[in-house]
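Since the structure comes first, as structure tokens, the remarks are kept for the end.
For reference, positions follow the sequence shown, starting with 1. Numbering of ligands and ligand atoms starts at 1, following listing order.
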Amino acid sequence: MTRADVCVAACADLFAEDGEVLASPMGLIPSLGARLARLTSAPELLLSDGEATLLGPDGEPEGWLPFRQVFDVVAHGRRHVVMGANQVDRYGNQNISCIGPHERPTRQLLGVRGAPGNTANHRTSYWVPRHSRRVLVEAVDVVAGVGHDRARAAGLRYHDVYRVVTNLAVFDFATPDGSMRLRSVHPGVELDEVLGQTSFPLVTEGAGTTREPSAAELELLRTRLDPDGRREKEVPS
Ligand code: F8G
């Protein structure tokens with residue numbers, strides 16, 4: 001079992017209670033997580049190719065969901081997106097837009113893309129493949145995805161920033177003020193490493209160890225979902 005396997009299982013667990021919603025995972029490990037969930041804990045999960053086709057867990061076509069209808073699903077709320085984050089702060093504000101001052105960025109990134117609408121309408125989680133102080137920041141340079149503090153101030157009714165999975169640990173926001181809480185540290189990672197690689201203080205009470213994938217999950221990953229081991233490139237052991 002590798003760290004990448006643990007990260008895939010943690011991403012699968014994001015969808016475990018979702019029921020019949022559209023999963024929109026960004027990046028390889030969240031995508032493997034969604035497919036693994038579909039085969040195990042979340043048989044009703046809908047998987048998409050990100051363009052126009054709904055897929056089964058092995059990539060076989062299952063249905064038709066043209067891009068314009070994705071906007072209806074986004075607005076209706078029956079979707080769980082797992083976005084990336086160049087920066088994320090303690091309230092789950094996320095930045096994929098640019099680094100540095102907005103007027104004169106030092107790095108232009110993707111732009112805010114669908115992040116504002118996603119975080120106003122349905123459940124959102126984040127995947128961070130390289131947990132570091134420059135990603136887990138005190139304050140994001142640009143707000144793309146809306147965090148709990150801003151959602152509260154704006155009175156957003158359907159805001160649901162749920163969890164953050166990184167290569168080191170899993171976090172949620174189950175605190176009175178919606179700030180980030182450590183849920184679990186991945187096997188083989190020290191708590192001090194997580195704290196040292198995070199720029200803001202974390203609530204750590206009650207944190208455990210991230211579960212190891214079961215033998216059946218590992219078998220699915222190794223033989224069916226990712227036999228070439230591409231996940232090891234996204235999270236090297
Ligand atoms: C940094 C930092 C940092 C990066 N601090 N520097 C530097 C300092 C780094 C590099 C350079 C590049 C609904 C929907 C939509 C839609 C519709 C439908 C969405 C509305 C579809 C289309 C649309 C949004 C989906 C994501 C993003 C996924 C990732 C990334 C990454 C790495 C975040 C992990 N902190 N960071 N730099 N999109 N992407 O030194 O400098 O910047 O760095 O949902 O769109 O429009 O809306 O990012 O960056 O979720 O997860 O891969 O860009 O690859 O290469 O690390 O080395 O070049 O000098 P990256 P990286 P240099 S939903």
Side-chain angles (χ1 to χ4, degrees), residues 3-4 7-8 10-11 14-15 18 21-34 45-54 65-90 92-102 104-147 156 158-169 171 180 197-200 230-236:
R3 181 75 60 78
C7 292
V8 172
C11 286
L14 295 174
F15 301 104
D18 281 350
V21 308
L22 178 67
S24 295
M26 310 289 161
L28 178 68
I29 294 222
S31 301
L32 289 171
L45 202 62
L46 299 174
L47 307 174
S48 156
D49 68 351
E51 289 181 24
T53 310
L54 292 173
L65 186 72
F67 195 67
R68 64 179 178 276
Q69 282 180 16
V70 171
F71 289 92
D72 296 338
V73 179
V74 170
H76 186 261
R78 297 198 61 78
R79 178 171 183 251
H80 185 166
V81 63
V82 184
M83 293 193 282
N86 291 97
Q87 295 177 324
V88 59
D89 74 13
R90 76 180 72 185
N93 295 288
Q94 166 247 29
N95 176 17
I96 47 173
S97 179
C98 64
I99 301 295
H102 195 243
R104 284 185 78 81
T106 55
R107 286 290 181 281
Q108 179 61 55
L109 304 167
L110 276 176
V112 300
R113 317 300 297 183
N118 286 343
T119 48
N121 287 321
H122 58 62
R123 180 165 278 187
T124 298
S125 296
Y126 293 109
W127 160 242
V128 174
R130 287 181 296 278
H131 185 141
S132 72
R133 295 178 74 87
R134 85 173 199 174
V135 178
L136 283 284
V137 290
E138 188 64 45
V140 298
D141 294 348
V142 176
V143 177
V146 179
L156 291 179
Y158 302 108
H159 181 267
D160 185 9
V161 171
Y162 180 57
R163 285 186 198 168
V164 179
V165 179
T166 79
N167 59 320
L168 301 181
F171 306 86
M180 210 184 275
Q197 293 292 343
T198 305
S199 301
F200 48 83
R230 291 184 303 148
R231 63 196 181 282
E232 303 299 328
K233 292 208 176 68
E234 193 159 311
V235 175

4.0 Å protein heavy-atom contact status of atom 54 (O) of ligand 1, strictly under
no

If we number the atoms of ligand 1 from 1 as shown, the ones under 4.0 Å from a heavy atom of M83 are 24 (C), 50 (O), 63 (S)

Please list, in number order, the atoms of ligand 1 under 4.0 Å from a heavy atom of Q87.
35 (N)

Take atom 7 (C) of ligand 1 and look for protein heavy atoms under 4.0 Å from it; say yes if you find one, no if not.
yes

Nearest non-hydrogen protein atom, atom 46 (O) of ligand 1:
R113 NE, 3.0 Å

Note the single closest protein heavy atom to atom 63 (S) of ligand 1, along with its residue, its atom name and the distance in Å.
N118 ND2, 3.4 Å

What protein heavy atom sits nearest atom 38 (N) of ligand 1, and how far away is it?
L110 CD1, 4.0 Å

Backbone of G147 reached by a side-chain donor or acceptor of N93 within 3.5 Å:
yes

Nitrogen or oxygen of V135 less than 3.5 angstrom from that of ligand 1:
no

V235 side chain reached by I29 side chain, heavy atoms, under 4.5 Å
yes

Min side-chain heavy-atom separation V8-R231 under 4.5 Å
yes

Can you name the atoms of ligand 1, numbered from 1 with element, that are less than 4.0 Å from a heavy atom of F71?
20 (C)

The side chain to side chain donor-acceptor pair (under 3.5 Å) partner of R79 among T124, N121, N118 is N118

Do protein heavy atoms approach atom 51 (O) of ligand 1 to less than 4.0 Å?
yes

Are more than 12 heavy atoms from other residues, nucleotides or ligands located less than 6.0 Å from atom OH of Y158?
no

Among V161, D160, L14, find the residue that satisfies the side chain to side chain contact (heavy atoms under 4.5 Å, CB included) test when tested with S125.
L14

Closest heavy-atom approach to atom 40 (O) of ligand 1 among R130, R134, Q94 is made by R134

So which of N167, V135, L136, L168 actually passes side chain to side chain contact (heavy atoms under 4.5 Å, CB included) with Q197?
L168

Does a side-chain heavy-atom distance below 4.5 Å link C98 with R107?
no

With heavy-atom distances below 4.5 Å as the criterion, would you say the side chains of W127 and P25 are in contact?
no

Does atom CZ of R133 have more than 12 heavy-atom neighbours, drawn from other residues, nucleotides or ligands, at distances under 6.0 Å?
yes

The closest protein heavy-atom partner of atom 29 (C) of ligand 1 is G84 CA, 4.1 Å

shortest atom 3 (C) of ligand 1-to-protein heavy-atom contact is with I99 CD1, 3.5 Å

I'd like to check R230 versus L28 (side-chain heavy atoms, cut-off strictly below 4.5 Å). Are they in contact?
yes

So do L54 and L22 actually touch side chain to side chain, heavy atoms under 4.5 Å?
yes

Residue portion contacting ligand 1 (non-hydrogen atoms closer than 4.0 Å) for W127:
neither

With nothing but distance in play, are any N or O atoms of N86 less than 3.5 Å from an N or O of ligand 1?
yes

Starting from atom 19 (C) of ligand 1, find the nearest protein heavy-atom neighbour and note its residue, name and distance.
G114 N, 3.4 Å

Heavy-atom contacts with L109 under 4.0 Å: which atoms of ligand 1 show up? List them by number with element.
12 (C), 42 (O)

Please examine the side chains of Y126 and R163, heavy atoms only from C-beta on, and report whether any two atoms are closer than 4.5 Å.
no

Could you say whether the N/O atoms of F67 and ligand 1 ever approach to under 3.5 Å?
no

Identify, for atom 14 (C) of ligand 1, the protein heavy atom at the shortest distance, and state residue, atom and that distance.
R79 NH2, 3.6 Å

Would you say atom 35 (N) of ligand 1 touches the protein, meaning some protein heavy atom is under 4.0 Å from it?
yes

Going by the 4.0 angstrom heavy-atom rule, the piece of S24 near ligand 1 is neither

Give the residue, atom name and distance (to 0.1 Å) of the protein heavy atom nearest atom 62 (P) of ligand 1.
R107 NE, 3.5 Å

Would you mind listing which atoms of ligand 1 come within a distance below 4.0 Å of any non-hydrogen atom of A85?
33 (C)

Beyond-backbone contact of R123 with V81, side-chain heavy atoms, under 4.5 angstrom:
no

How does M26 reach ligand 1, by side chain, by backbone, by both or by neither, if only non-hydrogen atoms under 4.0 Å count?
side chain

